Number of protein chains: 2
Amino acid sequence: MPKPSRTPPPAGAAPLPSREGTRAALLDAATAVFVEQGYDLARVRDIAERAGANVAAINYHFGGKEALYLEVLRHQAGERIERYPFADAAQLAGAEQALRAAVTALLSRFLAEDQRAFVAKLLMRELLSPTPALRTLVADVIAPQFRQLSAIVARLLGPKADTETVTRCTLSIVSQCMFYLFARPLVEQLAPHSYDSGGPALLATHIAQFSLAALQARRRDLEAGDA
Amino acid sequence: MPKPSRTPPPAGAAPLPSREGTRAALLDAATAVFVEQGYDLARVRDIAERAGANVAAINYHFGGKEALYLEVLRHQAGERIERYPFADAAQLAGAEQALRAAVTALLSRFLAEDQRAFVAKLLMRELLSPTPALRTLVADVIAPQFRQLSAIVARLLGPKADTETVTRCTLSIVSQCMFYLFARPLVEQLAPHSYDSGGPALLATHIAQFSLAALQARRRDLEAGDA
DNA sequence: GCATGATTAAAACAATTGTTTTAAACAAGC
DNA sequence: GCTTGTTTAAAACAATTGTTTTAATCATGC
């Protein structure tokens, strides 16, 4: 029983990847589709089409949709592990400057329109519908960054601050930054120009200022023995 | 062609609702399932089963899954519109106390294990996959509460604070509270005892303290003409 | 050029899902 | 008791989705 003759590639489709490129094209396409749609709504046919490949290639190269998703997370995590957002920030002379730079870096990563935001966007979806991959993603990618920010916060709070206080203050900073990513539709409705040109810079300045003031006051309390 | 004989209700199933109660049972069941699963993963068969009704009842009473979802949102919004979380908080004598009470009320609502958290949980899912209903939900339920918190913030910041500053400070407070709802799996991994007994009260105290310090510092800046 | 393994593409499959169909059962009014 | 409209339940339907099957095509090595 001969197979039907294969169709030539359509004129307007994505260029066919070279043989060794199909897997990479699928990985890229899947990343984009998972970021846009989340795992549940992402369709293997969309991914294949976007990659210029056949839907059976997903099973061939990755074993299936779920394994492809895990590979996307692993791949994005690997891309990020090599670069910590605050590496240069930690070198700054003053702890205040370090915090400003860290907040700016964190917020700009969250609000980036390109692949810099992929991990964060995938994280948002994972948080709402966790898969087993979340634990690894947090441990390998998020926690190291969190620890770096905590170190800056600890410097600002001084030697009297216990670990819990440092952690809670760090979470207060992270939450302000992350909020503008996950709650974007809400913010756009409550404060419609927040994401306009120049908006994110203003937000970063505000978050840094708000948080620095809080940390300085907490430090004073701790040193006055009021805590 | 006679229909197959109808099966008697299974012994262990949900008690069958009275005739006038099926619609209400479906609405309650749907609320729970949409909160747990989100719209996309929620299955009409699960909802029907949970309500002790037949799957065709959803179409009969609501026209379909989507219309049921919209009705759930409308219904939950209506439940909330009649009660603002800070009504009694606004009566407190001091603005500081008002803020503390507001933060406590907001966080406890977000972290409630019962229906008090339904609107917030549905909002989290809407934010990640917006439907047209989000705009109405924000306008009718969230924005009024936001305005009340803003009024407290404005009192704390004093007359020199412009609207944008008030809004951004209010968002800084809301984001800290909301974070512990949407990012729960992350927080549980980074700060594992945050949700233990007594944890939420500690968090509320921390958020209020952190935010009050920041607002007081901002007020001083404004009044010193530094802003 | 042949053999072998890798890769691809189209068709088919199996399961799932929300919706529709249809008639039975129910409730209310006369 | 009959009629009428409402409500329900089981079966069927149609569409969708990820996966599997199968053979063609390709690439490499001898």
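These figures come from a predicted structure and were not determined experimentally. Throughout, protein chains are lettered first and strands after them, A, B, ... in sequence-line order, and every chain is numbered starting at 1.
Protein atom NZ of A:K65 is 17 Å distant from nucleotide atom C1' of D:dT20, rounded to whole Å. Rounded to whole Å, the distance from CG on A:N54 to P on D:dA24 is 16 Å. One atom, CD of B:Q37, and another, P of C:dG18, lie 11 Å apart when rounded to the nearest Å. Put simply, CZ on B:R23 is 12 Å from P on D:dT8, counting in whole angstrom units. Computed from coordinates, the A:I47 CD1 to D:dT16 P distance equals 18 Å when rounded to whole Å. Remark: C1' of D:dT16 and CG of A:D46 are 12 Å apart, rounded to the nearest angstrom. When rounded to the nearest whole Å, the span between CD1 of B:I58 and P of C:dT20 equals 13 Å. In this structure, A:F62 places its CZ atom 15 Å from P of D:dG18, rounding to the nearest Å.
Proximity of A:H61 to the phosphate of C:dT8: a side-chain N or O atom is located under 4.0 Å from OP1 or OP2. For the pair A:T22 and C:dT7, the criterion of a side-chain N or O lying under 4.0 Å from OP1 or OP2 is not met.
The two residues A:L215 and A:C169 have their closest heavy-atom pair at CD2-CB, 3.6 Å. Residues B:R125 and B:E36 come closest through the heavy atom pair NH2-O, 3.0 Å.
Residues that satisfy the side chain to side chain contact (heavy atoms under 4.5 Å, CB included) test with B:T136, not counting sequence neighbours, are B:D140. Every residue two or more places apart in sequence or in another chain was checked for a salt bridge (Lys or Arg N to Asp or Glu O under 4.0 Å) with B:D196, and none qualifies.
Closest to the side chain of A:N59, out of D:dT21, D:dT19, C:dT19, is D:dT19.
Using a 30° and 60° split on the angle between ring planes, B:F179 and B:F182 fall in the perpendicular class, above 60°.
A donor and an acceptor atom sit less than 3.5 Å apart, one in the side chain of B:R45 and one in the base of C:dG18.
Both B:R43 and A:Y60 lie near DNA chain C, and the one whose nearest nucleotide falls closer to the 5' end is A:Y60.
Contacts of B:A42 with the nucleic acid, taken as non-hydrogen atoms under 4.0 Å apart, involve only primed sugar atoms and P, OP1 or OP2.
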